[in-house]
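Below: one structure, written as structure tokens.
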Amino acid sequence: MTFTARQIAELLGGSVEGNDQASVNTFAKIEEGKPGALSFLANMKYEHHLYTTESSVVLVNRDFTPSAPVKATLVKVDNAYESVAKLLAIYESMQPKRSGIDPRAAVSEKAVIGEGCFIGAYAVVDDGAVIGRGTTILPHSYIGERVKIGEDCTINANVSVYHDCIVGNRCILHSGCVIGADGFGFAPTPNGYEKIAQIGIVTIEDDVEIGANTCVDRSTMGSTYVRRGVKLDNLVQIAHNCEVGSHTVMSAQVGVAGSTKIGEWCMFGGQVGVAGHINIGDKTLVGAQAGIAGSVKGNIAIQGTPAIPAKNFMRSSVIFKYLPDIKRSLDALTKDVEELKSKL
């Protein structure tokens, strides 16, 4: 489908600088632009590509002023990054959507399948499962007994949703993720570790996206909760009885131990580790590889292991590389002080 610069500007509430009839039918990174492509410039580190790109139209922020001639037509918007995300969503929604059940899928007669669903080859939908209208389940995925999946979800290939778990509307589960495996619960005995039955579920609310090979464990009792709008990257582990607050985002390889409650609008960098049975307040920003050992009140940026306020961590990092020199100076000073004391 083809759009002109004028149509894009009208859709985004922007303005055009250049040929308002310049047309585009695909997207490209600004450094890989080609005729007929739409690109965007949000990070000024890439500004130099604007003056050489072959893209026909480039989205830029409204306050941007080029420092050299630009061949492409510019569409100025309030936020170029948000605008391109909106256009990509529109583009994706216009792609043809499959429906129906592949004859190689195994769908229980006791399952309820909504209108307009697609279930791919070798997917399994077990007894009592309820699949909402317009949901796509791709090949080799398993939807367990009595699972409830909402409307307009995408369950990618090789996803497993264990029995009784709940997935809301407009959720995306990427390949290999596992929802509702047993929590890591064992009781030590003289003869080894005795498994504690995990009889709870996982509840995933609306508009959640969960990355490839990410695991959300079912609770011992009650439910593990992933609240509305949460985005989890690949290889994230959410343990049993946790709660991840609405609109929180976690980068790859974050691990959250059991029974921890995380607030709303938090951001976790890659490889953050979180201890169990603690509370992390709303709008906590956690730097990559931080280790959180205790509760955090929220509205704070933290980093390091054990995690401390980010500014303190930065100051400490500057000092750290000088510690051997500081130690030598301190030893010398201590020796001088001892010698003076002995002469008094």
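Just the heavy atoms: all of them, side chains too, but no hydrogens, waters or symmetry mates, feed the values below. Quick caveat, the model's predicted, so the values are computed rather than measured. Along the sequence shown, residues are numbered consecutively beginning with 1.
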If the threshold is 4.0 Å, N to carboxylate O, is there a salt bridge linking [X] and [Y]?
| X | Y | answer |
| --- | --- | --- |
| Arg133 | Glu151 | yes |
| Asp331 | Arg328 | no |
| Asp164 | Arg146 | yes |
| Arg227 | Glu205 | yes |

Could you check Asp126 against Lys110 for salt bridge (Lys or Arg N to Asp or Glu O under 4.0 Å), going step by step and ending with a plain yes or no? CA-CA 8 Å; Asp126 221 331; Lys110 297 178 181 178; over 6 Å; no
Can you tell me how far the OG1 atom of Thr154 sits from the CG atom of Leu173, to the nearest 0.5 Å? 9.0 Å
Between Cys165 and Ile179, the two heavy atoms sitting closest are SG-O, 4.1 Å
Ignoring hydrogens and geometry, is there a side-chain-to-backbone donor-acceptor pair from Ser316 to Asn312 under 3.5 Å? yes
[X], [atom1]: over 12 other non-hydrogen atoms inside 6.0 angstrom:
| X | atom1 | result |
| --- | --- | --- |
| Phe313 | CZ | yes |
| Phe186 | CZ | yes |
| Tyr81 | OH | no |

Quick check: Phe320 with Tyr322 (ring centres under 6.0 Å apart)? no
